[in-house]
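Single-structure report; data block below.
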Amino acid sequence: MAKEKFDFTNEEMRNAYRHTTSHILAQAVKNLWPEAKLAIGPAIENGFYYDIDLEHKFTDDDLKKIEKEMKKIMKAGLPLERFELPREEALKLMAEKNEDYKVELINDLPEDEVISFYKQGDFVDLCAGPHVEKTSVIKAVKLTSVAGAYWRGDSNNKMLQRIYGTSFPSQEELDQYLAKIEEAKKRDHRKIGKEMDLFAIYEEGPGFPFFLPKGMIIRNELEKFWREEHKKRGYEEIKTPLILNEQLWHTSGHWDNYKDNMYFTKIDDEDYAIKPMNCPGAMLVYKRKMHSYRDFPIRMGELGQVHRHELSGALHGLMRVRTFTQDDAHILMLPEQIKDEIKGVIDFIDYVYSLFGFKYHIELSTRPEEKYIGTLDLWEKATDALREAVEEKGMDYIVNEGDGAFYGPKLDFHLEDSIGRTWQCGTIQLDYMMPERFNLEYIGKDGEKHRPVMIHRVLFGSIERFIGILTEHYAGKFPLWLAPVQVKLLTVTDKFVPYAKEVAEKLEAVGIRVEVDDRNEKIGYKLREARNERVTYIAVIGEREVEANTLSLRHNVQGDIGEMGVEEFKAKLVEDIENKA
RNA sequence: GCUGUUGUAGCUCAGUCGGUAGAGCACUUCCUUGGUAAGGAAGAGGUUCGGCAGUUCAAUCCUGCUCAACAGCUCCA
């Protein structure tokens with residue numbers, strides 16, 4: 001690969017490039033702190049890292065120092081030489097260098113594995129390669145952060161220091177990448193949420209978000225949309241309690257498999273649990289009466305608020321919280337209806353994601369290694385049904401081994417936002433176990449009792465998180481139907497306030513969310529504020545507009561769109577909102 | 001939960017090598033009636049610097065504990 005022009009779009013070459021950079025990082029660290037012990041240092045999606053065990057705690061200044069040292073190594077143009085050693089000699093070499101982690105790695109390599117090393121200057125690292133030919137191939141490097149990481153990713157092991165960095169064939173490309181990171185920061189829903197006054201999280205309730213008036217508008221619009229679409233597709237809506245007797249959670253298997261994530265409470269000395277999932281409640285709803293095979297499929301939707309004890313370090317704005325609302329549904333059905341129902345949900349999810357302009361991919365998550373209920377036979381049946389449904393839809397999917405829920409396998413929908421990040425949102429889970437545990441029954445054509453099959457599914461996943469994702473996806477510039485403020489009228493002077501109020505009333509009369517900025521401020525100032533608020537349409541009202549009964553309009557994405565008659569504008573808004581344009 | 005960093009006015013931040021704190025924006029009042037990203041002036045605003053202890057004549061600044069946020073790990077909608 002050395003001779004050809006460096007192709008950074010080729011994943012393999014890019015990884016070799018970053019991997020070499022991580023070796024340079026390791027060498028630089030060893031030059032500065034010879035007592036440092038090296039663990040592993042792979043290339044990752046947008047760069048590389050190296051895990052290092054060292055008493056001294058790296059600071060930001062240290063990163064600069066290390067970067068400088070790395071640049072020296074790059075400049076020196078040291079060739080990377082590969083060599084192999086028999087196991088004993090390999091162990092001896094690493095033991096001599098006090099590289100305990102490398103010794104452990106070698107010991108864990110399979111018997112027949114070739115043990116290879118890469119050497120640059122006087123630095124040697126256990127490594128399978130590949131690498132670029134010499135250190136001077138690396139042109140631009142940046143160490144981005146240092147953080148703790150467990151040896152071998154196991155929280156029982158020692159915490160090492162992980163230095164993250166990235167590298168590119170030119171400074172321009174590195175700068176571009178860093179600019180992209182900046183863009184993502186600008187879109188951070190926590191920042192935009194504060195600026196737009198959408199939601200807030202206080203110290204008094206870590207992981208328990210408050211929705212503010214503007215945020216509630218988005219939330220209510222999403223829920224309204226959700227209800228309309230579910231009604232169209234034959235769903236009924238239910239609401240089940242937040243707190244239910246602990247016994248129920250033993251029946252469902254949650255107590256055995258999920259109790260670490262649950263909150264418990266007592267009522268009159270009886271043990272109760274706060275629901276972490278909605279299914280047991282839905283089970284009780286099903287069991288309230290005897291069902292006939294003619295009733296199926298039964299589709300029960302629920303915007304169900306759940307509470308889960310997440311680790312404090314995992315909390316993140318609206319994306320990871322301790323209480324959230326799942327746009328849940330439980331579909332009870334006959335075995336022969338399974339595939340059609342799954343396909344129906346897939347179509348539903350496709351419809352919803354497309355509306356927001358999301359692309360997505362599907363992952364099939366199979367039975368967990370340990371924590372699961374039910375028989376292997378049923379797991380296989382359920383997994384096959386999901387697989388066949390996706391395949392019959394002609395959709396691609398990847399398999400995610402062992403990542404299923406404890407009660408069944410699932411199809412996960414990972415959507416991609418406007419700057420290329422992916423989020424797991426929708427999931428379809430097929431469940432034979434819960435109906436079994438709750439002893440669900442129906443009377444079949446033969447007059448005998450049978451057991452129905454169940455689907456658990458969500459489209460948004462969590463309303464809170466979906467709002468967070470939408471905020472970043474649109475950078476706060478929500479589509480008209482979701483925008484907290486759809487139109488803001490700015491008066492040039494107070495002479496035009498009566499006209500502005502009249503226009504506002506006309507728009508409000510047809511349900512448009514409109515605000516008037518009639519403050520005694522200059523138009524440029526009002527405009528700046530309205531833009532920062534990311535309102536969809538800004539209308540400036542002055543002499544001209546009053547004369548002609550028009551509005552001078554600016555759209556938050558399209559920019560200046562000129563003048564338009566009030567009635568015409570009103571009709572356009574009503575139509576666009578209706579079409580969710 | 002773990003490792004590291006941070007925590008000062010509603011927001012964004014400065015500051016004190018220990019002697020009881022400041023800027024800009026926002027807010028209030030006044031002047032200004034101004035056409036596409038900040039017109040001017042004055043004023044108010046911190047139970048005093050996340051909380052609790054400790055060291056000290058004296059702590060926002062030092063020490064310990066604790067809470068929260070941020071980055072990453074682990075986990076996950």
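Values below: all heavy atoms of this structure, side chains included; hydrogens, waters and symmetry mates excluded. Reminder, nothing fancy here: chain letters follow the sequence lines and each chain counts from 1.
Within 4.0 Å (heavy atoms only), A/V540 reaches at least one base atom of the nucleic acid. A/E545 comes within 4.0 angstrom of a nucleotide base, judged by non-hydrogen atoms across all strands. A/R190 comes within 4.0 angstrom of the backbone, heavy atoms only, and of no base. Using a 4.0 Å heavy-atom distance criterion, A/G524 is classed as a sugar-phosphate-only contact. Nucleic acid contact for A/R162: sugar-phosphate only, since backbone atoms but no base atoms lie under 4.0 Å from a heavy atom of the residue. Residue contacts shown for A/V306 are absent, as no nucleic acid heavy atom lies under 4.0 Å away. Residue contacts for A/N532: at a heavy-atom cut-off of 4.0 Å it reaches a base atom on one of the strands shown. Contact annotation for A/K526: no contact, since no heavy-atom pair falls under 4.0 Å across all strands. Residue-level contact check: A/I523 touches the backbone only, with heavy atoms under 4.0 Å from sugar-phosphate atoms and none from bases. Looking at heavy-atom distances under 4.0 Å, A/K191 makes no contact with the nucleic acid at all. Nucleic acid contact for A/V492: base, since at least one base atom lies under 4.0 Å from a heavy atom of the residue. In this structure, A/Q161 reaches neither bases nor backbone, as no heavy-atom distance under 4.0 Å exists between it and the strands shown. At a threshold of 4.0 angstrom between heavy atoms, the contacts of A/Q326 with the nucleic acid are absent. As judged by a 4.0 angstrom heavy-atom cut-off over every strand, A/Y164 is placed among residues touching the sugar-phosphate backbone only.
Of the candidates B/rG39, B/rG7, B/rA77, B/rA77 carries the atom nearest the A/S462 side chain, counting heavy atoms from C-beta on. For A/L311, whose side chain is taken as the heavy atoms from C-beta onward, the closest listed nucleotide among B/rA77, B/rG1, B/rU33 is B/rG1. Residue A/D494 has its side chain nearest to B/rU33 when only B/rA37, B/rU33, B/rC76 are considered. Closest contact between the side chain of A/S312 and the listed nucleotides B/rC11, B/rC27, B/rG1 involves B/rG1. Minimum atom distance to the side chain of A/A149 is reached by B/rC73, of the listed B/rC76, B/rC73, B/rA71. Residue A/L315 has its side chain nearest to B/rA69 when only B/rG35, B/rA69, B/rA37 are considered.
Rounded to a whole Å, the NE2 atom of A/H309 is 16 Å from the P atom of B/rA77. To the nearest angstrom, C1' of B/rC75 lies 13 Å from CE of A/M159. Distance CG (A/D53) to P (B/rG4): 13 Å, rounded to an integer number of Å. Here B/rA68 presents its P atom at 15 Å from CD of A/E310, a figure rounded to the nearest Å. Between the CG atom of A/D197 and the P atom of B/rC27 there is a distance of 13 Å, given to the nearest Å. Computed from coordinates, the A/I163 CD1 to B/rU3 P distance equals 18 Å when rounded to whole Å. Protein atom OH of A/Y49 is 16 Å distant from nucleotide atom C1' of B/rA71, rounded to whole Å. Per the geometry, NZ belonging to A/K194 stands 12 Å off P belonging to B/rA69, to the nearest Å.
Using a 4.0 Å cutoff on non-hydrogen atoms, no part of residues 352-359 of chain A comes near RNA chain B.
B/rG46 makes up no base pair with any nucleotide shown, lacking Watson-Crick or G-U wobble contacts both under 3.5 Å. Base pairing of B/rG35 is not made with any nucleotide, judged by Watson-Crick or G-U wobble geometry with both donor-acceptor distances under 3.5 Å. Within the shown strands, B/rA69 is the pairing partner of B/rU5 under the Watson-Crick or G-U definition, both distances less than 3.5 Å.
Nucleotides of RNA chain B nearest to A/R554 and A/V146 differ in position, and the one nearer the 5' end is that of A/R554.
In this structure, A/H307 has its ring center at least 6.0 angstrom away from the ring center of A/F324. Outside the 6.0 Å centre-distance limit, the rings of A/F413 and A/H361 are not counted as a close aromatic pair.
Cation-pi geometry between A/R162 and A/Y49 is met: under 6.0 angstrom from the ring centre, within 45 degrees of the axis. A cation-pi geometry, defined here as NZ or CZ lying under 6.0 Å from the six-membered ring centre and within 45° of its normal, does not hold between A/R554 and A/Y537. A/R322 forms no cation-pi arrangement with A/Y263, by the criterion of a distance under 6.0 Å to the ring centre and an angle within 45° of the ring axis.
Judged by distance alone, with hydrogens and angles left aside, the side-chain atoms of A/E99 form a donor-acceptor pair with the main-chain N or O of A/L38 at under 3.5 Å. Panel note: side chain A/H473, backbone A/I469; no donor-acceptor pair is recorded below 3.5 Å. Put simply, the side chain of A/D327 gets close to the backbone of A/F460: a donor and an acceptor are under 3.5 Å apart.
The ring-ring contact (aromatic ring centres under 6.0 Å, His included) search around A/Y474 returns none, not counting sequence neighbours.
Between the side chain of A/Y150 and the base of B/rG1, a donor-acceptor pair under 3.5 Å is found. A/R308 contributes no side-chain N or O that forms a donor-acceptor pair with the base of B/rC76 under 3.5 Å.
Contact between the side-chain N/O atoms of A/Y202 and the OP1/OP2 oxygens of B/rG50 is not found at any separation under 4.0 Å.
With its ring centre under 5.5 Å from that of the base six-membered ring and a plane angle below 30°, A/F324 counts as stacked on B/rA77.
In this structure, A/K239 places its NZ atom where more than 12 heavy-atom neighbours from other residues, nucleotides or ligands lie under 6.0 Å away.
B/rA58 and B/rG24 are spaced 32 Å apart, taking the C1' atom of each and rounding to whole Å.
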